[in-house]
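What you are looking at is a predicted structure, and each value in this text was computed from that prediction instead of being measured. Lettering follows sequence order; numbering is per chain, from 1.
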Amino acid sequence: MSFPWARQYEPATGLTKWLDEKLPVPRLVYNAVGAGYPVPRNLNYFWNFGVLAGFFLMLQIVTGIVLAMHYAANAQVAFATTEHIMRDINWGWMMRYAHANGASFFFIVIYLHIFRGLYYSSYKAPREMIWLLGVVIFLLMMATAFMGYVLPWGQMSFWGAKVITGLFGAIPLVGEPIQVWLLGGFAPDNAALNRFFSLHFLLPFVTLGVVIMHIWALHIPGSSNPTGVEVKSESDTVPFHPYYTAKDGFGLGIALLAYFAVVFFLPNYLGHPDNYIEANPLSTPAHIVPEWYFWPFYAILRAFTTDFILPAKLWGVIAMFASILLWFFLPWLDKSPVRSGHYRPLFRKFFWFGLIPAMAVLFYCGGAPAEEPFVLLSQFATAYYFLHFLVILPIVSQIETPEPLPYSITEAVLHSDKKPVLGENTAPAV
Amino acid sequence: MADTTATDTKEHSPLIEKKDGVRRRDFLDVAALSAAGIGGLAVVYPLISQMAPSEDVLAASTTEVDVSAIEAGQAIKAVFRKQPLFVRRLTPTEIAEAQAVPVSSLRDPQTLDERTKEGHLDMLVTMGVCTHLGCVPLGAAEGENKGEFGGYFCPCHGSHYDTAARIRKGPAPTNLVVPDYEFTSDTVIQVG
């Protein structure tokens with residue numbers, strides 16, 4: 001579906017006419033990211049991050065396929081082949097640094113993309129499915145990133161694999177057998193490494209499939225926008241190409257500057273030195289933390305220190321998974337008819353002074369040692385995190401009085417809408 | 001084409017028909033796409049280069065062979081770049097046979113002198129890789145079929161090489177390849 005004023009694809013040459021009849025790929029591109037896709041004219045740079053996430057997914061697939069050409073998933077040689085890539089393969093160092101830091105940048109843009117969705121309530125009807133698919137993509141990314149981190153078979157790889165599979169060991173009764181089954185052994189070894197490699201290769205393509213559905217679902221209602229007011233007329237939109245291809249291209253240029261600055265000048269800044277020590281099942285590194293992008297969830301995991309009906313370990317695992325899974329219910333927890341946080345004064349306060357500081361604390365504590373005051377801080381932040389989504393958001397969204405919305409996107413941009421569309425759309429849609 | 005641009009942006013729209021001359025927008029378009037294109041090409045280079053032989057493979061690309069123990073009429077197989085290398089000391093009869101052949105009658109005309117080093121006419125160093133499709137010809141080891149011309153015989157598709165390892169019969173297009181090598185002493189050759 002698209003807006004009635006969307007431009008129609010008209011093949012100009014004989015070849016494109018022929019192609020359009022047999023396999024209309026140019027038409028698909030034209031309607032998806034070309035001039036045939038009308039997009040709200042007021043998108044700000046927070047709307048760049050979807051394209052950036054797509055870019056980093058493709059970057060990870062390309063560099064990952066290159067690395068897989070040189071890597072051997074065997075516990076005897078995995079560490080050595082990783083060093084072989086770094087030292088002997090032409091440009092191998094660049095491919096590996098591009099891939100390792102590409103994962104971090106993928107998470108940076110995804111977190112900003114999620115932030116955008118949370119602040120502007122992009123998850124609300126009619127875009128719930130886009131949000132749900134997005135959460136699936138995020139879960140797939142986390143699984144893929146974790147298994148990828150195991151592959152170099154360094155100390156952090158090994159102990160990461162042990163600790164994360166140990167999470168499943170917290171499940172009552174069946175936990176231990178499940179952990180042994182996941183690893184194919186009693187500790188991470190060749191069996192685990194091989195299956196992690198196999199899945200690490202598979203999951204990005206599964207992710208790509210879900211991304212296609214995510215974009216497909218997006219193209220049905222069309223993009224949201226910073227006012228949260230739905231598109232009413234042609235003057236509210238501009239064609240995706242050239243307006244947003246140019247804007248996204250500019251944003252991509254900035255993102256690439258930051259990315260390559262890290263790849264070339266700080267390639268190990270986001271990693272751990274311990275991972276350049278080969279896996280040793282008999283010695284755990286002194287300070288074991290996951291990669292930075294798992295820190296908030298790791299902090300939630302460690303925030304549970306006392307047994308209460310269930311063992312503390314199990315509470316931590318439940319809370320960690322629940323902290324993400326509750327996002328699946330977000331479109332129905334937030335009951336406000338207004339989307340954009342820009343017009344929601346009370347929501348905005350809790351967002352900026354509640355959720356964001358709580359997330360910041362969780363981020364910091366997840367990377368800090370498991371001692372005071374970080375454990376206590378994590379506990380407060382974890383409590384707020386769940387309180388925010390499960391209690392505050394549903395209540396605030398029902399009691400607050402939103403600020404007046406602009407009549408239309410055009411009015412929001414130009415401060416007047418010279419030709420309001422009369423008839424079916426006279427009431428401000430939200 | 002439907003007019004889909006908002007009226008208020010019309011005068012700035014690049015979608016409207018071009019006026020004469022180069023507009024600022026045209027310049028920016030070309031500059032931006034050129035920068036992106038050059039950047040894209042720069043990315044292609046390492047992506048292609050990474051598949052080329054790596055440093056450790058290249059480091060193994062010279063091989064030293066001690067030829068002192070090879071008797072006349074004997075051959076040994078060495079390994080050069082993970083491929084077989086035939087080193088053969090020719091008997092006087094084999095040298096005479098090779099030199100008796102009119103060069104013009106050969107598919108790949110070369111004399112024995114051209115295929116050996118000066119002063120070492122009896123030392124024939126060739127790759128053990130058939131120039132047809134890459135099988136290892138027989139004839140280097142004791143008792144193997146040396147083919148109709150007393151040199152090497154490739155069992156895959158029946159190429160016969162003579163005592164100077166030149167192609168005489170069968171599908172192979174050229175003689176067995178003589179790699180770059182030199183005598184580092186009277187008894188040692190360095191290949192590659």
Within residues 252-263 of chain A, which positions have a heavy-atom distance to chain B below 4.5 Å?
-> none

CE on B:Met51 to CG on A:Asn90, rounded to 0.5 Å = 11.5 Å

Return the minimal non-hydrogen interatomic distance between A:Met94 and B:Pro46, and the atom names on each side.
-> CE-CG, 3.6 Å

Residues of residues 75-88 of chain A contacting chain B, heavy-atom criterion under 4.5 Å, by residue number | A:His84, A:Arg87, A:Asp88

Chain A contact via B:Leu58 - side chain, backbone, both or neither, heavy atoms under 4.5 Å = neither

Are any non-hydrogen side-chain atoms of A:Ile89 and B:Glu55 less than 4.5 angstrom apart?
-> no

Inter-residue atom distance B:Gln50.CD - A:His70.NE2, 0.5 Å rounding = 4.0 Å

Tell me, yes or no, whether the heavy-atom count around A:Phe264 atom CZ, taken from other residues, nucleotides or ligands under 6.0 Å, exceeds 12.
-> yes

Within a reach of under 6.0 Å around OH of B:Tyr45, are more than 12 heavy atoms found that belong to other residues, nucleotides or ligands?
-> no

